[in-house]
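Throughout, a chain's letter reflects where its sequence line sits, starting with A, and its residues are numbered from 1. Just so it is clear, the model here is predicted, and its values are computed rather than measured.
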Protein chains: 2
Amino acid sequence: MSAKRSEIEQAATRAIKGDGFKSVSFRTLAEQVGVKSSSVHYHFRTKDDLAEAVIRSYTEAFEAALRSIDQDNETLLAKLDGFNDLFAEVAAADDICLCGMMAAEVSSLGDGAKQALRAYFRVSEQWLEKTLAAHATELKSDLSAAQLAAIFMSGLEGATLIDRVDGKDARIKAFRALSRSLAG
Amino acid sequence: MSAKRSEIEQAATRAIKGDGFKSVSFRTLAEQVGVKSSSVHYHFRTKDDLAEAVIRSYTEAFEAALRSIDQDNETLLAKLDGFNDLFAEVAAADDICLCGMMAAEVSSLGDGAKQALRAYFRVSEQWLEKTLAAHATELKSDLSAAQLAAIFMSGLEGATLIDRVDGKDARIKAFRALSRSLAG
DNA sequence: GTCTATATACAGATAGAC
DNA sequence: GTCTATCTGTATATAGAC
């Protein structure tokens, strides 16, 4: 991948996390990376091509972060805290998860981007489910690993969404408390 | 409030829940209610005026639904199920909560709309917190009512968001299961 | 790979007639 | 209250020169 293409992806990612995909324009991206909009079209033929590429790169980075969490932590609680941290970092920048934002805008995405978005949520929830199932003995809940995975994933996406509205972090913190309650 | 103004609000509400506020245009709304776009501007001077009005009306309807839940149900579990149902209905229409959508788009809203949005989340979470606190004895959790309120509110917003991406209802259902686990 | 130039469409908003 | 007409800005996308 060319350096410029990567630069455009990065600029798009930052903009989407803050303002959403619909607010991103080829012209603005072009200015941010120092070219004209037609050059952005050279790297990404359509806006949906850009959407798909950005979602796939974000998912890859997210998967790499999950592997780091696996390597650096032993207990279930530490791993859940690591997962929570990924969303807390996004929230600290006054952003929301790129794929949470794209999920809100899914009706204006093309098929390729939609498929990539589904893959992000599948990967993330499966990591949670696998992690919860592997530490079943540390878990104080009668819910299944799959149910808890859905609860944490939905919850953290929603928490960043709502915390940003009032500029607090009460909801992200509530999910840290839930981790302690279930795996403490 | 004039009938036409109310018609426009309804059309806007429907469009926002599916495609987001940024996709709503005065022209499209005008066609849907059978007038020209300048007439829509007569009822709502700016797009932000429209946003604020729609959020306030949505919040009022939501509060009315919460009062119905209070009247129709006795147990904590039944009330939590009633709250869950509000989001399940939205999800069944392939929509997301209007205020969840607006939350994703908050960076492009004006001050009036932002304030109305904060009020929606405050009202909703306070109903949950009050309800949970009033039934503390039925509650099997070491978390506070405020923490659980944040978890349900964030969780259900996120659940509708993600369930729509893959067209399933696994996440909404997981929160029903959580209600049973905590208040069954 | 990047540029200029342009096609085409649509956005929010307003003036002024009726 | 609604209309026609218009201003101004912006969007995605492409053709063709360099």
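Looking at Glu105(B), its side chain does come within 3.5 Å of a backbone N or O of Lys22(B) through a donor-acceptor pair. In terms of modelled atom types and a separation under 3.5 Å, the side chain of Thr28(B) and the main chain of Val24(B) share no donor-acceptor contact. A donor-acceptor pair is defined here as one N or O able to donate and one able to accept, closer than 3.5 Å; such a pair exists between the side chain of Thr131(A) and the backbone of Trp127(A). The backbone N or O of Ala91(B) sits nowhere less than 3.5 Å from a side-chain atom of Asp163(B) that would complete a donor-acceptor pair. Using a distance-only test at 3.5 Å, with no hydrogens or angles considered, a donor-acceptor pair links the side chain of Thr59(A) to the main chain of Ile55(A).
Heavy atoms from other residues, nucleotides or ligands lying under 6.0 Å from NZ of Lys36(A) number 12 at most. Other residues, nucleotides and ligands contribute over 12 non-hydrogen atoms within 6.0 Å of the NZ atom of Lys130(B). Within a 6.0 Å radius of CD in Gln115(A), no more than 12 heavy atoms belonging to other residues, nucleotides or ligands are found.
Of the residues in residues 29-40 of chain A, those placing a heavy atom less than 4.0 Å from an atom of DNA chain D are Ser38(A), in numerical order. Residues of residues 2-15 of chain B having a heavy atom closer than 4.0 Å to DNA chain C: none are found. Across residues 41-58 of chain B, Tyr42(B), His43(B) each have a non-hydrogen atom less than 4.0 Å from an atom of DNA chain D (numbered order). Using a 4.0 Å cutoff on non-hydrogen atoms, no part of residues 102-116 of chain A comes near DNA chain D. Looking at residues 16-27 of chain B, you'll see Val24(B), Ser25(B), Phe26(B), Arg27(B) sit with a heavy atom under 4.0 Å from some atom of DNA chain C.
With respect to the salt-bridge test (charged N to carboxylate O, under 4.0 angstrom), the residues Arg56(A) and Glu60(A) do not qualify. Salt bridge Asp19(B)/Arg14(B): absent, no basic N to carboxylate O contact under 4.0 Å. The pair Arg171(B)-Asp166(B) counts as a salt bridge, with a side-chain nitrogen and a carboxylate oxygen less than 4.0 angstrom apart. A salt bridge does not link Asp94(B) to Arg164(B): none of the charged side-chain nitrogens sits closer than 4.0 Å to a carboxylate oxygen.
When the side chains of ILVMFWY residues are joined at heavy-atom separations under 4.5 Å, either directly or via intervening members, Val123(A) and Met102(A) end up in two distinct hydrophobic clusters. Under the 4.5 Å side-chain heavy-atom criterion for grouping Ile, Leu, Val, Met, Phe, Trp and Tyr, Tyr42(B) is not connected to Val33(B) through any hydrophobic cluster.
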Please table the atom pairs, donor to acceptor, closer than 3.5 Å between any side-chain atom in residues 71-78 of chain A and protein atoms at least two apart or in another chain.
residue, atom, partner, partner atom, Å
Asn73(A), ND2, Ile69(A), O, 3.0
Thr75(A), OG1, Ala78(A), N, 3.1

